[in-house]
There are 2 protein chains.
Amino acid sequence: MSDQDAKPRSARATGSARLTDVARVAGVAPMTVSRALNRPELVSEATRERVRRAVSETGYVPNQVAGALASSRSRLVALLVPTVAHALFAEVVQTVTGLLVPRGYQVLLGLVGYTPAEEEGVVETVLSRRPDGIVLTGCHHSAVTRQRLAASRVPLVEIWDMSDDPIDMLIGFSHHAVGRAVAEHLLARGYRRLGVISADDARAERRIDGLRERLAEAGQQALPLRRVGTPSSMPWGREMAAELLDHHALEAIVCSSDILALGVIAEAQSRGLSIPDDLAIMGFGDSSYAAASFPALSTVRIDGATIGRRAAEQLLERMARPQFERSGAVEDVGFSLVDRATT
Amino acid sequence: MSDQDAKPRSARATGSARLTDVARVAGVAPMTVSRALNRPELVSEATRERVRRAVSETGYVPNQVAGALASSRSRLVALLVPTVAHALFAEVVQTVTGLLVPRGYQVLLGLVGYTPAEEEGVVETVLSRRPDGIVLTGCHHSAVTRQRLAASRVPLVEIWDMSDDPIDMLIGFSHHAVGRAVAEHLLARGYRRLGVISADDARAERRIDGLRERLAEAGQQALPLRRVGTPSSMPWGREMAAELLDHHALEAIVCSSDILALGVIAEAQSRGLSIPDDLAIMGFGDSSYAAASFPALSTVRIDGATIGRRAAEQLLERMARPQFERSGAVEDVGFSLVDRATT
DNA sequence: ACACTGAATGATTGCGCTATCATTCTGGCG
DNA sequence: CGCCAGAATGATAGCGCAATCATTCAGTGT
């Protein structure tokens, strides 16, 4: 009998208030409510106040899904990192989120693992959300991923790596250079017989390439290597250190993460090896605990906060512009070698 | 002259293919394409194949914004944690994401900090995305937050705490019980004069309450306390340890996180105190490095992965049901006291 | 032969909002 | 006093998709 009995084809899903409900209560047009909420400077103070009242009276919560469809702006930024279980990436996530949220963006988190295949699937679904921007870890993607990202014309910052051919913007550091710097440091200290324990990860691989290159220049060819699965952990480090030390007479072990290095320290100590005299150890990441380990761990410091901050800034600037235009902005934030007690 | 010159009121924002474009190429109705993509079992194999071809020919990427609006299902789960900079919460994020993504959900990450005020704002904007589910850290929210969440009727799991009055589902542990257990442990070891270094966080506070309660039962009233800001760090721990030790003759210091405990260890060592004979130290969290510190840190282990897994499972089950109905499912996953070398 | 069933596909409508233009209203000025 | 600029507000028309119901078509039983 009432209006509501005239059952429409698709019923309203929720009973919650819509913009039109607020408009009715406020006695204005829906468009005016929309403006009062999104562009308040276009609406008179009196009207704003009436809208404000109507909003609280109706308990209105805007529907950004509808808003995004109508305006083609999702106010969503996709943040794609391999994992958050690693403090370095967690720091990036923390920083990027902290900068974007106050600017009205929300973060869609994607964990892409360490393989291009995993990444491809995540990128695909992320694009279907029509994010206004994307922060993507690494520069080595599958051809499909690259193509899709470029075709989407969504502002994009690749981070945590360097490349001659970024898809769009890029903020990171050279893993190859890290490897060389580590080799340089160890050579300078007189260590010659090196070994490596590394996660199976393309970027770690490139650090090893850099390391190997520098060692080769110094006439060192052998570089015994053990790979570990993800996530890296102390026990992995310890186990692989044991293997390396059983088979090779090493003076130093380079690890692809601090946590592995902690395992190596444990193994060295259990063998009664003196660190760094019998065995030097290098980590990667300068985790919060690196300085606190005993002996304090020498490592490579990456400033995740700076990377995150610059990435967010670049993205915000780009998203503020009307049209997407590839800027090719590239920034190398570098790294620093932290020399503590294990080298 | 062409159709496209008949400029419509609002131009299509992107030039990318839509469902109708795919339909035209495939020679079927848009609805059939929608079905082929979302409910393939309803479409004949021949048609599926034509649609598949048309999709790749047009480079179609579905628009989930439009899909969500039309179907009232966003396939978005909001994950609200204080921070990801803390390994414990990162573990939850990792686990929840890992379980939800394969089931077709994406994760909207919200970092709510440690104050109800921050949380309130984030909850507000998160609800405007119309998530299909919410995972929320903690049980102590502002009245507004509680009301909004309940009114939204979105399936919700609170985690990381215990409460008699959850909004909906709850997976966690009792911080009060942790405090009591820590007190129990230290008392059993003969430590009497305790001090506390704690982050300014409501849950840490409740652990302290539990600690104090148990101490009072043992006739101990004094409990010198130092608070640190967030994020907790080694230097904070060290500085506050110095203050405590300067003013009180303490036998043990309890910290609200492992990283603070590391700082206390450093301070103790620099004073030449023997651990645990001169000073016992307890952490919280059992971070990856707790076992590797020297001396190895006694701490409280929380299984973030289990909390994350159960939360995701509960949420998935609830979201699969047609109607939202408060289940009040509550699960205490407990904790364990890890007795290492600092107590 | 004919109604009947179920599978496959199609046509229509609206999800809730904002872009765009149209209209109204105000005050200022020649 | 009429005209105009600018501010404020309103009316209209989609955004791209999926829910719903309608239609078509083969296969079945009698």
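Chain letters run A, B, ... following the sequence lines, proteins first, then strands; residues in each count from 1. Side chains included, hydrogens not; waters and symmetry mates left out as well; all remaining heavy atoms used.
Using a distance-only test at 3.5 Å, with no hydrogens or angles considered, no donor-acceptor pair links the side chain of B/Arg310 to the main chain of B/Ile171. A distance-only check finds a donor-acceptor pair linking the side chain of A/Arg130 to the backbone of A/Leu127 [under 3.5 Å].
Close to C/dC17, at under 4.0 Å from its OP1 or OP2, lies no side-chain N or O of A/Ser71. Regarding contacts with the backbone of C/dG16, every side-chain N or O of A/Thr20 stays at 4.0 angstrom or more from both OP1 and OP2.
In the set C/dT18, D/dT9, D/dC17, the nucleotide with an atom closest to the side chain of B/Leu19 is D/dC17.
A donor-acceptor pair shorter than 3.5 Å can be found between the side chains of B/Glu158 and B/His141. For the residue pair A/Gln64 and A/Arg75, no side-chain donor N or O sits within less than 3.5 Å of a side-chain acceptor on the partner. With 3.5 Å as the limit, one finds no donor-acceptor pair spanning the side chains of A/Thr125 and A/Ser128.
Within residues 32-45 of chain A, the residues having any heavy atom closer than 4.0 Å to DNA chain D are, in order of number, A/Thr32, A/Arg35, A/Val43, A/Ser44. Using a 4.0 Å cutoff on non-hydrogen atoms, the parts of residues 63-70 of chain A near DNA chain C are A/Asn63, A/Ala66, A/Gly67, A/Ala70, ordered by number.
Under 4.0 Å is where a charged nitrogen must lie from a carboxylate oxygen, and between B/Arg52 and B/Glu45 at least one such pair does.
Separation of atoms CG (A/Leu109) and OG1 (A/Thr97) is listed at 7.5 Å; rounding is to 0.5 Å. In this structure, the separation between OG1 on A/Thr20 and CE on A/Met31 is 13.5 Å, given to the nearest 0.5 Å.
Atom C1' of nucleotide C/dC17 and atom CZ of A/Arg24 are separated by 16 Å, given to the nearest angstrom.
Toward the 5' end of DNA chain D, the nearer of the two residues A/Met31 and B/Met31, judged by each one's closest nucleotide, is A/Met31.
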